[in-house]
Colleague: 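Here it is, the structure in full.
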Amino acid sequence: MPQHLLGIGDLSVPQIERLLEAATKFLAEGVAPAHRKILANRTVVNLFFEPSTRTRASFEIAAKRLGSDVINIDVAHSSLSKGETTLDMLQNLQALGAEAIIMRHAEAYLPAILAKDLNAAIVNAGDGHNEHPTQALLDALTIRQHRQRLEGLVVAICGDIAHSRVARSNVFLLKQFGVRVRLIAPPGMMDNGLLQDGVQGFDDIQDGIHNADIVMMLRIQKERMQQSQIPDPGNYFKNFGLTHAKLKSAKPDVLVMHPGPMNRNVEISTELADDPQYSVILDQARLGVVMRMAVLQWVLAGKMG
Ligand code: NCD
């Protein structure tokens with residue numbers, strides 16, 4: 001059975017701990033020639049059906065740091081346009097030697113459905129609104145790096161919760177680690193299904209970030225909305241955009257996170273996004289590489305630490 005990573009539910013708490021430790025070790029060791037032996041002569045395929053900058057590059061860099069060959073499929077120019085099914089495409093990539101397929105797709109649950117018919121390890125790099133497990137792992141790593149712990153922290157996630165795979169994977173991970181999770185969204189952008197096991201919901205950002213240790217901002221997922229659902233950016237910024245002024249109600253040493261890509265002056269002010277006193281946004285991107293090294297080592301070499 002291949003080791004897939006389709007969602008946070010595929011990992012136990014001790015396994016998440018070990019992956020975080022493995023990533024921290026990779027970080028401490030820096031770019032090391034010895035790492036290149038870990039996945040030498042292995043083949044990783046990046047298969048992104050939705051746009052991506054960070055996640056795709058991060059998986060590619062991680063795979064290369066571990067010595068594996070990486071192939072990036074240009075989906076727009078693939079044989080899908082000739083009528084091939086996605087499963088046929090994946091089975092052919094597997095026949096060519098793909099041992100891990102990093103997959104992003106607009107359709108929720110598709111990676112899990114396809115994984116059933118594949119021997120290659122499938123790593124979900126975002127499936128529709130459903131999950132983005134490596135983002136939640138790198139977010140947890142970022143919080144740990146800055147706060148040394150997760151337990152007991154108040155993490156407020158704000159924005160388009162309903163369409164956010166980042167929010168979902170983060171909620172699933174953080175609540176298992178004793179984090180007090182708050183979700184803040186305008187009416188129509190909340191996912192009430194996530195408001196359980198102590199996860200609190202707010203429709204006012206000021207209330208939601210009160211005394212928070214971490215505020216995580218999200219992009220409006222326009223690509224998953226009908227035109228009529230898309231809010232006016234100016235209004236949205238006024239009510240839900242994070243600024244220095246609004247942040248005053250959070251803890252004085254609050255950290256501001258964003259998975260990227262951010263829309264400046266829509267969900268976060270440009271001044272705050274660029275303020276190194278609060279913003280750890282580029283740290284998230286940086287730590288994504290070592291986190292994905294840990295994940296690839298696990299799915300392909302069966303090693304967690
Ligand atoms: C996110 C995604 O694609 O889910 N980006 C990312 O992977 N860092 C968030 C987004 O697109 O808003």
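On a predicted model such as this, the values are computed, not experimentally measured, just so you know. Counting begins at 1 with the first residue of the sequence.
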Colleague: Check this for me, if you would: do K64 and D69 make a salt bridge, where the nitrogen-to-carboxylate-oxygen distance has to be below 4.0 angstrom?
Modeller: no
Colleague: Under the 3.5 angstrom rule, does the side chain of Q15 hit a backbone N or O of S12 as a donor-acceptor pair?
Modeller: yes
Colleague: For F237, does its backbone N or O pair with a side-chain atom of N265 as donor and acceptor, under 3.5 Å?
Modeller: no
Colleague: Looking only at atom types and distance, does a side-chain atom of Q91 sit under 3.5 Å from a main-chain N or O of D117, one as donor and one as acceptor?
Modeller: yes
Colleague: Minimum heavy-atom separation for M225 and D160, please, with both atom names.
Modeller: CE-OD2, 3.2 Å
Colleague: Quick one: does any side-chain atom of E84 pair with a main-chain N or O of S81 as donor and acceptor, under 3.5 Å?
Modeller: no
Colleague: For the residue pair Q145 and D283, confirm or rule out a side-chain donor-acceptor distance under 3.5 Å.
Modeller: no
Colleague: Could you tell me whether D253 and R147 make a salt bridge, using a distance below 4.0 angstrom between a side-chain N and a carboxylate O?
Modeller: yes
Colleague: Could you go through the side chain to side chain contact (heavy atoms under 4.5 Å, CB included) check for L183 and V181 one step at a time?
Modeller: CA-CA 7 Å; L183 301 179; V181 183; 4.1 Å; yes
Colleague: Identify which one of R168, R165, R104 satisfies the side-chain hydrogen bond (donor to acceptor under 3.5 Å, both in side chains) criterion when paired with H132.
Modeller: R104
Colleague: I'd like to know if the side chain of E50 pairs up with that of H105 as donor and acceptor (distance under 3.5 Å, no hydrogens or angles considered).
Modeller: no
Colleague: Residues in side-chain contact (heavy atoms from CB on, under 4.5 Å) with A185, at least two apart?
Modeller: I161, M189, M190
Colleague: With a 6.0 Å cut-off (strictly less than), is the heavy-atom count around CD1 of I230, excluding the residue itself, greater than 12?
Modeller: yes
Colleague: Flag yes if more than 12 heavy atoms outside Q226 fall under 6.0 Å of its CD atom; otherwise flag no.
Modeller: no
Colleague: Do NZ/NE/NH1/NH2 and the carboxylate oxygens of R56 and E60 come within less than 4.0 Å?
Modeller: no
Colleague: Do any N or O atoms from the side chain of S68 and from the backbone of A63 form a donor-acceptor pair under 3.5 angstrom?
Modeller: yes
Colleague: Tracing side-chain links under 4.5 Å among I, L, V, M, F, W and Y, which residues wind up in one group with L96?
Modeller: L6, V45, L47, F49, I71, I73, V75, L80, L87, M89, L90, L93, I101, M103, L110, L114, L118, I122
Colleague: Is the backbone of D88 close enough, under 3.5 Å, to the side chain of N92 for a donor and an acceptor to pair up by distance?
Modeller: yes
Colleague: Check whether any side-chain heavy atom of F172 sits under 4.5 Å from a side-chain heavy atom of L194, and report yes or no.
Modeller: yes
Colleague: What ring-ring contact (aromatic ring centres under 6.0 Å, His included) pairs are there with at least one residue in residues 261-294, not counting sequence neighbours?
Modeller: H244-Y278
